Amino acid sequence: RPLEMSAKKPVPFLRQVVSVTKKVHRDPRFDDLSGEYKPEIFMKTYSFLESIKKQEKEMIQKQLKKCRNMEQKEKLQQLLNRMTQQEQAQKKQQKLRERELSLKRQQRELAKQGKKPFFLKKSEKRKLELAEKYAELKRSGKLESFLSKKRKRNAIKDKRHLPSQK
């Protein structure tokens, strides 16, 4: 029997006789079927990418040495800088993750001993991170230069807030 249509809506020129099921697109980032994201497992699974990135970086450095064209040289330099920045960011993220894991391990040990677990606040974690950064700078001997730059920046900020003298 023919399909009944509403009289209130204009009838489309091409009527759909058989209803077609719409394909449902799913985003693996938000779907439960994909599982939970665990950075440790992700890093282990895709660890081979680091060696590939290292090879690419070496290749770009070689091309940069050979290159004569200034535009090409500039592009390669930007690419190299981006790669080094990504590498540094990844190392920083890894250190942060390691620190978090060590704190969790300590809490587990305390819980096993029967003590009540104590969790650090964000501000306290930040203070610990800053103390570690200063210790690292002191070891490398760059603490004085870092502090002088920080003083200069703070002085510039303070000057901005002062009323202008004319």
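Keep in mind it's a predicted model, so treat the numbers as computed, not measured. The analysis underlying the following values was restricted to heavy atoms, covering all of them including side chains, and did not include hydrogens, waters or symmetry mates.
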Could you walk me through whether Arg26 and Ser34 pass side-chain contact (heavy atoms from CB on, under 4.5 Å), step by step?
-> CA-CA 10 Å; Arg26 59 184 199 88; Ser34 301; 3.7 Å; yes
Please report the closest heavy-atom contact between [X] and [Y], naming both atoms and the distance.
| X | Y | answer |
| --- | --- | --- |
| Asn81 | Thr84 | O-OG1, 2.7 Å |
| Leu76 | Ile60 | O-CG2, 3.9 Å |
| Phe118 | Gln107 | O-NE2, 2.7 Å |

Going by heavy atoms in the side chains, are [X] and [Y] under 4.5 Å from each other?
| X | Y | answer |
| --- | --- | --- |
| Leu103 | Phe119 | no |
| Arg99 | Glu129 | yes |
| Leu128 | Glu132 | no |
| Lys142 | Ser145 | yes |
| Lys112 | Glu109 | yes |

Any ring-ring contact (aromatic ring centres under 6.0 Å, His included) pairs touching residues 46-104, not counting sequence neighbours?
-> Phe42-Tyr46
Just checking [X]: does its [atom1] atom have more than 12 heavy atoms from other residues, nucleotides or ligands closer to it than 6.0 angstrom?
| X | atom1 | value |
| --- | --- | --- |
| Asp32 | CG | no |
| Lys57 | NZ | yes |
| Gln113 | CD | yes |

Is there a donor-acceptor contact under 3.5 Å linking the side chains of Gln94 and Arg97?
-> yes
How many angstroms lie between [atom1] in [X] and [atom2] in [Y], if you round to the nearest 0.5 Å?
| X | Y | atom1 | atom2 | result |
| --- | --- | --- | --- | --- |
| Met83 | Glu56 | CE | CD | 5.0 Å |
| Glu74 | Leu64 | CD | CG | 11.0 Å |
| Arg105 | Leu110 | CZ | CG | 14.0 Å |

For the pair Gln72 (side chain) and Cys67 (backbone), establish whether a donor and an acceptor sit closer than 3.5 Å, ignoring hydrogens and angles.
-> no
Side chain Gln78, main chain Lys75, donor-acceptor under 3.5 Å = no
Tell me the side chain to side chain donor-acceptor pair (under 3.5 Å) pairs involving residues 60-70, sequence neighbours left out?
-> none
Residues Phe146, Lys133; criterion side-chain contact (heavy atoms from CB on, under 4.5 Å); working and verdict = CA-CA 11 Å; Phe146 176 77; Lys133 183 180 179 182; 3.8 Å; yes
May I have the step-by-step check of salt bridge (charged side-chain N to carboxylate O under 4.0 Å, His left out) for Glu100 and Lys125, ending in yes or no?
-> CA-CA 9 Å; Glu100 291 281 326; Lys125 284 181 186 177; 3.6 Å; yes
Set of residues satisfying side-chain hydrogen bond (donor to acceptor under 3.5 Å, both in side chains) with respect to Arg139, sequence neighbours excluded | Glu136
Kindly work out whether a path of hydrophobic side-chain contacts (I/L/V/M/F/W/Y, heavy atoms less than 4.5 Å apart) joins Leu79 to Met59.
-> no
Begin from the C-alpha positions of Gln90 and Met43 and carry the test side-chain contact (heavy atoms from CB on, under 4.5 Å) through to its verdict.
-> CA-CA 11 Å; Gln90 201 170 19; Met43 291 301 289; 3.6 Å; yes
